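In what follows, a structure is listed as structure tokens, so that the remarks can point back to it.
This one's a predicted model, so the numbers in the text were calculated from it and none came from an experiment.
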Amino acid sequence: MLASKIRVLPLMLLPACAFFELPDPPEPVGEEEKVAAYSPEEVLAKISEALGLYHSLSMYSQQLDDGFTFYPYEGLPTSSPWGKETEKSVVSEILMGLDYSISQPSKVDFVLNSLQRFPDSAFARVSYSMVFVLRAEGTFNLYGYSDVVFKRLSDGVWVITLWRDFKDTAMSWGEFKMRYR
């Protein structure tokens, strides 16, 4: 009698095993999946996710207007601005260089310091802190702030048209990207 109870007990515990399983990770954003943002705040959140969580160039580039211009910190030796295609190329190089052998090869945080919203545009001052761990070069901690101009498209989706980077005391986002330009 005791032997039959011992055999039944493990069968009763099987459904409880699912309780201890880890949840499935979020689905990666596919290259063709549209990731629209419907506010300037959501655009910044999508960029943070694209660079820090999903490591998705597609998700990142969808937040940029076709006429996007990036202005690196003016104090850099070569500080000429660049457009969306160069931006995609630079960010692609960064994402390909991440050290995916560690659990979090990048982390991107934005703080919205101010936001002026107009019917079809917005202007924001954004502080950021970013960490990128690259296979060949180690860890980079980036801090700075940026002026960001957003545009609302006819379908209600918001995108960034201009990003002007400013250097704080550490390496800036623009200074870091210049390494891959």
Side-chain angles (χ1 to χ4, degrees), residues 26-76 78-95 98 104 106-132 140-181:
E27 289 294 318
V29 177
E31 290 303 311
E32 298 303 317
E33 186 176 336
K34 297 296 179 202
V35 186
Y38 294 95
S39 71
E41 297 90 344
E42 195 175 351
V43 172
L44 293 173
K46 297 290 183 198
I47 287 178
S48 179
E49 291 172 2
L51 295 174
L53 179 63
Y54 297 115
H55 309 112
S56 170
L57 179 62
S58 175
M59 184 177 188
Y60 179 83
S61 64
Q62 287 180 49
Q63 307 314 306
L64 308 178
D65 184 54
D66 289 338
F68 170 80
T69 305
F70 182 86
Y71 291 88
Y73 170 63
E74 291 178 355
L76 296 173
T78 309
S79 61
S80 60
W82 60 78
K84 184 174 182 176
E85 290 308 311
T86 300
E87 180 75 4
K88 285 171 52 177
S89 174
V90 166
V91 170
S92 175
E93 289 293 321
I94 292 168
L95 294 176
L98 290 175
Q104 190 172 8
S106 61
K107 184 175 183 341
V108 176
D109 293 310
F110 294 111
V111 174
L112 189 60
N113 298 323
S114 65
L115 177 66
Q116 295 174 322
R117 192 186 304 261
F118 306 100
D120 292 332
S121 64
F123 173 83
R125 170 67 54 100
V126 178
S127 297
Y128 59 81
S129 66
M130 303 178 183
V131 178
F132 292 96
F140 290 86
N141 294 293
L142 316 176
Y143 301 98
Y145 61 97
S146 300
D147 288 339
V148 183
V149 178
F150 301 86
K151 174 171 84 172
R152 188 172 63 87
L153 304 175
S154 61
D155 60 0
V157 172
W158 286 80
V159 292
I160 295 175
T161 60
L162 181 142
W163 186 293
R164 185 176 304 277
D165 195 50
F166 298 97
K167 184 177 175 70
D168 203 347
T169 57
M171 181 180 276
S172 71
W173 178 224
E175 191 174 4
F176 180 65
K177 289 194 296 185
M178 291 288 284
R179 300 166 59 90
Y180 302 94
R181 184 164 180 225

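In this structure the side chain of Y38 reaches within 4.5 angstrom of the side chain of V157, judged on heavy atoms. The side-chain heavy atoms of F123 and S121, taken from C-beta on, include no pair separated by under 4.5 Å.
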#### Entry: Chi angles and distances behind the side-chain contact (heavy atoms from CB on, under 4.5 Å) call for E87, W163
CA-CA 11 Å; E87 180 75 4; W163 186 293; over 6 Å; no

### Task
Please step through side-chain contact (heavy atoms from CB on, under 4.5 Å) for the pair Q63 and V35, ending with a clear verdict.
CA-CA 8 Å; Q63 307 314 306; V35 186; 4.2 Å; yes

### Evaluation steps, side-chain contact (heavy atoms from CB on, under 4.5 Å), between T169 and Y143
CA-CA 7 Å; T169 57; Y143 301 98; 5.8 Å; no

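Ring geometry, Y145 versus F166: the interplanar angle falls under 30°, so the pair is classed parallel (tilted spans 30 to 60°). Y128 and F110 have perpendicular rings, their planes meeting at more than 60° on a 0 to 90° scale where under 30° would count as parallel.
For F68, the ring pair (Phe, Tyr, Trp, His ring centres under 6.0 Å) criterion is met by no residue, not counting sequence neighbours. With sequence neighbours excluded, no residue forms a side chain to side chain donor-acceptor pair (under 3.5 Å) with Y73. Among residues two or more places apart in sequence or in another chain, the ring pair (Phe, Tyr, Trp, His ring centres under 6.0 Å) test is passed with Y180 by F176. T86 is linked by a side chain to side chain donor-acceptor pair (under 3.5 Å) to nothing, counting only residues two or more places apart in sequence or in another chain.
For the atom pair F70 CZ and L64 CG, the distance stands at 10.5 Å (nearest 0.5 Å). Note: M130 CE to S172 OG = 9.5 Å, rounded to the nearest 0.5 Å.
Nearest heavy-atom pair across F150 and P40 is CE2-O, 3.7 Å.
Using a cut-off of 4.0 Å between Lys/Arg side-chain N and Asp/Glu carboxylate O, E93 and R181 are scored as not salt-bridged. Looking at K84 and D65, no side-chain N of the basic residue comes within less than 4.0 Å of a carboxylate O on the acidic one, giving no salt bridge.
At distances below 3.5 Å, not a single donor-acceptor pair connects side-chain atoms of K88 with backbone N or O atoms of V91.
The stretch residues 108-117 participates, sequence neighbours left out, in these salt bridge (charged side-chain N to carboxylate O under 4.0 Å, His left out) pairs: E41-R117, K107-D109.
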Considering only distance and modelled atom types, tabulate donor-acceptor pairs under 3.5 Å from the side chains of residues 43-53, sequence neighbours left out.
residue : atom : partner : partner atom : Å
S48     : OG   : V108    : O            : 2.5

